[in-house]
Amino acid sequence: DSGVTQTPKHLITATGQRVTLRCSPRSGDLSVYWYQQSLDQGLQFLIQYYNGEERAKGNILERFSAQQFPDLHSELNLSSLELGDSALYFCASSSAGTGGYGYTFGSGTRLTVV
Amino acid sequence: GQSLEQPSEVTAVEGAIVQINCTYQTSGFYGLSWYQQHDGGAPTFLSYNALDGLEETGRFSSFLSRSDSYGYLLLQELQMKDSASYFCAVRVDSNAGNMLTFGGGTRLMVKP
């Protein structure tokens with residue numbers, strides 16, 4: 001157990017639907033990062049939050065949004081889902097705002113859009 | 001923007017040594033990290049180089065040359081369990097924030 005908790009582990013939903021992925025960072029970590037990994041692809045950065053505030057944005061679609069709550073857990077909302085959104089979604093946390101030294105990843109949410 | 005290049009696939013035999021290279025083009029470079037990911041699993045942190053030179057952690061070593069925008073991960077005494085994907089990642093700070101940008105990954109297959 002890495003200490004980063006992601007729920008649900010698996011999600012199957014239809015095109016056009018909306019889903020929410022949840023992440024609880026490792027205790028003490030203030031930064032949360034969301035990444036998308038499509039089949040046999042690298043990790044694409046979506047968005048970062050630090051202590052409740054959005055810190056950096058990557059190639060995140062307008063249909064996607066995220067937030068970090070006062071208890072530091074984060075949610076990634078995906079709406080108007082398309083087949084191409086099927087992927088593994090990872091959350092990672094780090095203790096500092098920079099986060100470059102070492103991320104701790106959760107086990108991911110596998111999203112399948114049918 | 002940032003770009004990282006690493007081989008897509010490497011094959012080696014058990015007990016051998018393998019080197020996975022990574023070249024990068026970034027702005028505001030702060031360091032190079034390596035992550036291991038087994039099929040269906042989460043990436044796990046292996047090493048981080050902020051300065052030039054070699055960092056050793058057990059059977060794994062990582063090297064960085066900032067002047068060449070190049071680094072590598074060296075795996076010694078390969079074991080079957082080392083079969084996984086390995087990602088290099090650069091830490092980049094910018095006015096927009098800071099995050100890790102990952103390469104496309106190198107799939108390592110260790111054969112008996």
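Keep in mind that this is a model prediction, so the values were computed, not measured. Values below: every heavy atom of this structure, side chains too, minus hydrogens, waters and symmetry copies.
A:Gly42 and B:Phe87 get closest at one heavy-atom pair: CA-CE2, 3.7 Å. Looking at every heavy atom in both residues, B:Ala42 comes nearest to A:Phe105 through CB-CB, 4.1 Å.
Under the 4.5 Å side-chain contact rule for hydrophobic residues, A:Trp34 and A:Tyr50 do not share a cluster. Both B:Phe29 and B:Leu4 are part of a single hydrophobic cluster, where members link through side-chain heavy atoms under 4.5 Å apart.
For B:Glu9, the CD atom sits in a packed shell: over 12 heavy atoms of surrounding residues, nucleotides or ligands are nearer than 6.0 Å. Dense packing is recorded around CZ of B:Arg66, with more than 12 heavy atoms of other residues, nucleotides or ligands lying under 6.0 Å away.
The CZ atom of A:Phe45 lies 9.0 Å from the CG atom of B:Leu100; values are rounded to the nearest 0.5 Å.
Using a 4.5 Å heavy-atom threshold, the side chains of B:Phe102 and A:Gln37 count as separate.
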